[in-house]
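I have placed the structure first, in the form of C-alpha cells, so that the comments after it can refer back to it.
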Amino acid sequence: MCQVGGGVVEPLVFGLVGTVGALSEALHSQREVAANMARVYLALRALAKCCKVDLTTVVRDKFAKNNRKYPAARAFGSRAKYTVYESDGGNAFFLTGAKGAAAFAAVVLGIFVARRVL
C-alpha cells in the first residue's frame, strides 16, 4: 500500500492537513475559499496516488454505502442516525412531538457550541 516507513507518505499527509487548515481559515474569513478547496483536492489526489487508491471508485462505493444506510425515501430532511433506517420490518423509529423537538434542539445546540468552540 503506502510506503510509510520511507517517509513518502508523511509529507503528503502533513501537506493535506495543512491545506485543510488553510481551507478552514479561508471559510472563516470568506476569502480564497475556491483556491483552498483546489489545494485540498490536489493534496488528496497526490496522497491517493501514492497509496494506489482510486478515488473515483472509493467515492462511488461510499455513496452507495450511504444510500443503503440512509435511503432517500425515508431519510431526506432528517438528521437521524443511520440505525434509525435499518430494516425493522418496515417500521422505522422517528422521534416526534416533544421528544423530537428536544432531540432537534440538542443537535442545534451542539452545532452552535461546536462552532463557537472551534
Side-chain angles (χ1 to χ4, degrees):
M1 189 98 177
C2 301
Q3 185 181 350
V4 177
V8 175
V9 172
E10 288 89 350
L12 294 173
V13 171
F14 291 140
L16 178 59
V17 170
T19 55
V20 169
L23 175 59
S24 177
E25 289 177 19
L27 289 168
H28 183 69
S29 67
Q30 301 279 320
R31 285 181 279 167
E32 298 184 23
V33 174
N36 281 289
M37 283 184 176
R39 288 183 191 107
V40 169
Y41 175 74
L42 292 173
L44 183 61
R45 294 265 325 233
L47 181 61
K49 182 178 180 180
C50 175
C51 295
K52 296 180 175 71
V53 172
D54 179 6
L55 285 177
T56 303
T57 300
V58 296
V59 168
R60 189 175 295 133
D61 291 349
K62 179 62 176 164
F63 275 123
K65 181 179 178 180
N66 283 352
N67 285 335
R68 286 189 303 274
K69 286 173 72 172
Y70 302 98
R74 295 171 70 191
F76 184 78
S78 172
R79 293 185 175 160
K81 186 176 177 181
Y82 72 92
T83 53
V84 169
Y85 309 110
E86 290 178 342
S87 178
D88 59 357
N91 298 314
F93 171 75
F94 291 94
L95 293 174
T96 58
K99 287 183 180 178
F104 178 76
V107 168
V108 170
L109 179 61
I111 292 169
F112 176 78
V113 169
R115 292 186 81 180
R116 289 288 183 182
V117 170
L118 300 175

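Below, all heavy atoms of this structure are taken into account, side chains as well, without hydrogens, waters or symmetry copies. The structure presented is a predicted model; accordingly, all values stated were derived computationally and were not measured.
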With the 4.5 Å side-chain cut-off for hydrophobic clustering, are [X] and [Y] part of the same group?
{"X": "Val58", "Y": "Leu47", "answer": "yes"}
{"X": "Leu42", "Y": "Leu16", "answer": "no"}
{"X": "Leu12", "Y": "Leu55", "answer": "yes"}

Heavy-atom closest contact (Ala26 atom, Val33 atom, distance):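 What the structure gives for the nearest pair is O-CG2, 3.6 Å.
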[atom1]/[X] to [atom2]/[Y] distance, rounded to the nearest 0.5 angstrom?
{"X": "Asp61", "Y": "Asn66", "atom1": "CG", "atom2": "CG", "answer": "11.0 Å"}
{"X": "Met37", "Y": "Leu23", "atom1": "CE", "atom2": "CG", "answer": "5.5 Å"}
{"X": "Lys62", "Y": "Lys69", "atom1": "NZ", "atom2": "NZ", "answer": "5.5 Å"}

Backbone N/O of Val20 and side chain of Ser24: donor-acceptor pair under 3.5 Å: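 Such a contact is absent between Ser24 side chain and Val20 backbone.
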Beyond-backbone contact of His28 with Glu25, side-chain heavy atoms, under 4.5 angstrom: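 No; the side chains remain at least 4.5 Å from each other.
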